[in-house]
Amino acid sequence: MASVTLEKLWKKYGDVEAVCGISLDIADGEFMSFLGPSGCGKSSTMRMIAGLEEITSGNIYFDGDLVNKVRPRDRNVAMAFETYALYPTLNVYENLAFPLRAARWSDTDVDKRVREIARILEITDLLDRRPTHLSGGQQQSVGLARALTRAPRVFLMDEPISHLDTRQRGRMRAYLKRLHIELGYTMIYVTHDQEEAMALADRVAVMDLGLLRQVGTPDEIFHNPADTFVAGFVGEPPMNFLECEYGQEEGRHVLRHNGITIKMPPHSEALVQRGAIPQRVTLGIRPFYIDIGLEKSARHTIPAEVFVVEPLGDMTVVSANVLETRLQIVTAPDFRAQPKQTLWLAFDPARTLLFDAETGHALTNQA
Amino acid sequence: MLELRSLTKKFGKTVAVNNLSITCKECEFLVIFGPAGAGKTTTLRLIAGILQPTSGEMYFKGQSLANVPPEGRNMSMVFENYALYSHLSVYENLAFPLRARRYRDDEVQRLVQRMAGILQISELLDRRPGFLSGGQRQRVALGRALIREADVYLLDEPISHLDAKLRHRMRGELKAMCAEKDATVIHVTHDSREAMALSDRVVVINKGRLMQLGSPDEIFYRPANEFVAGFVGEPPMSFMDMEYAVEDGQPVFRISENDVRLPASSEVEAYVKEKGPPDTFRLGVRAVDVSASPSADEIHNVPGEVFVTETLGHRNLLTAKLGKNLVQVVTPPELTFEVKDTAWLDLGPDNLHVFANGLAIAHPRPRTS
């Protein structure tokens, strides 16, 4: 396995800048997700690492060695795609052994390797079977196993499970993560699905418009997003934003949204002391951290008019308007309300994030 | 209001819709929910009159639809492939159904502007469909179907091609819009959250057959069979294969290849007494219905081996191994487990669904928050 270093990496297609000078260190054995919307440059970055795409400028190193000029097949990277065509005439064992035999492994090594991978993916019982005698889920496990048998320096995956149904996707996600824990491969995983990126990775690199917006652990990007883009892209339902003005009321520092007063979060105190809070602030609060009251109270001070209520079984999502701004609130599964009904909201101050309304950059870190 | 009686549609030897009987009430939002190839779109096309049933009947307000051509049914449909007029602007595409019904120009303009605002396509009104993204085209198609009055709106995956954020938003807009106009809607989707969020009732179908028809709460809390149980809800329900036995006079479930015993409820005992032991007994566990603890206690008394944990931000997802079964449990973010540790689960009968030969015979006790 190898570490991967990206240094001021650029990719231009004619006038289009797909990747704009990103720098990133991926540790040996790390699981790194590249997350972003379509066109953010995540796949171009991966293809440059694989050597399938020419680098416009910048450098890529494996274990400190420059690989810019190394041909794809000599980089010893493996790339997994969504569909794995298994050889129907070979049994599962020989399907897994095939890439190893092609790389001239000895029979003993092949056997050891095939059995190790089969054990982790729990397909040992299937080794004698032909692919046609496997269920859909078993075929996927075997396909993944075959992609993983050969130990490459870097393992690259581009949306490998995005077209599976929810059930199979959840299952493959768990196996993929377990495989990474047991094998310790350096893995780079491209996805537009924020939940998948969070669930799998040691760290997530969030990209937009060819730029790296934030690199951090799943907890960091979820709880302390660097800017409003990351904040809005990670998490479902997405984070709510409310445009506010910073001011003082009866000697207290407060945020105001068109006459509605909102408490400053406790973690913003240092910022207040330094006088570093801009006039215009974007407040960010996730749907999970808003509490609903049916009456106005000392805690529930923000009036909101119900737009729609969506029961989802394990939770209910309420969409409600605070003046002109639509917010979503996740609440108990049995909560019901009528459209146009007034609710009173309380934002959890410890979970309230502040962003500079001008730049979108985060102003505070949650404790 | 709209009744399907024993509706069957065959394409050659393939049975796309198999003896389907459902009724859609007036002003109801009915969702047809199932996996790819379930027969959802075929059902919608039969209702629209684009396809003719092989057998069975359909009634609208008591009148047979057998000899009513599509244009004689006052139904407005969104097609999965959008079917927009490529030579017309977005504005004219939206205006088309109104002009065809001789709406006045100022009325057309008001309705088009309003619909475009709701669907967030106001800035696209001058463009032709060819210059739109897939998600934009899909919203135009939805707007064109909803802009006019119709007895029934037939929506085939109308928001499936939008990105996650927009889909979320449009789901709410669609629900609010249909509620406001008291529309009768039949909506096809393969997305369980969409089915739950939008519907008054859900028709769950698989391989052309009706699996369950019920309110979102019914299909979530009281799924009729393993198919519905496993297909509704996210993360999906985990299943465990069990052996039933009576030990020391107590009915118990044994997890295959594991020493663990779970008490079986009186419903299970009664079932076995009446019908004998089924070929398969499976337990269904919803990730939100059970909890995990790093140490054993009175309720967390079933040991599982931590297979993997996933960080999802506001909560974590723990996958534990019990015998050969993988069971997923939602855990609070502050609770951490290491791979191969023991996680103790509260798999009491009150938290589990029980399936005998694939059919539900017991459900968790209803919880109150």
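Since this is a predicted model, take the numbers as computed values, not measurements.
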Please assess A/Arg326 against B/Glu173 for the test salt bridge (Lys or Arg N to Asp or Glu O under 4.0 Å), listing each intermediate value before the final yes or no.
CA-CA 11 Å; A/Arg326 175 89 38 88; B/Glu173 296 289 355; 3.1 Å; yes
Rounded distance (nearest 0.5 Å) linking atom [atom1] of [X] with atom [atom2] of [Y]:
X	Y	atom1	atom2	result
A/Met198	B/Leu317	CE	CG	12.0 Å
B/Arg167	A/Glu236	CZ	CD	7.0 Å
A/Asp219	B/Leu312	CG	CG	10.0 Å

Parallel, tilted or perpendicular: which describes the rings of A/Phe288 and B/His314, with under 30° parallel and over 60° perpendicular?
parallel
When only pairs under 4.5 Å are counted, which of A/Pro237, A/Pro218, A/Ser38 shares the most heavy-atom pairs with chain B?
A/Pro237
Using a strict threshold of under 4.0 Å (side-chain N to carboxylate O), is an ion pair present between B/Glu310 and A/Lys177?
no
May I ask you to say whether A/Arg336 pairs ionically with B/Asp217, meaning some side-chain N is under 4.0 Å from a carboxylate O?
yes
Can you find a pair of side-chain heavy atoms, one from B/Pro333 and one from A/Phe222, that are under 4.5 Å apart?
no
As an exercise: rank B/Ala164, B/Pro35, B/Gly230, B/Pro235 by heavy-atom pairs under 4.5 Å with chain A and give me the winner.
B/Gly230
Interface moiety of A/Ser319 toward chain B, non-hydrogen atoms closer than 4.5 Å:
neither
Can you tell me which portion of A/Arg171 sits under 4.5 Å from chain B's heavy atoms? Options are side chain, backbone, both or neither.
neither
Sort by residue number and list every member of residues 304-317 of chain A having a non-hydrogen atom under 4.5 Å from chain B.
A/Phe307, A/Val308, A/Val309, A/Glu310, A/Pro311, A/Leu312, A/Gly313, A/Asp314, A/Met315
When the 4.5 angstrom heavy-atom criterion is applied to B/Thr319 and chain A, the contacting part is side chain
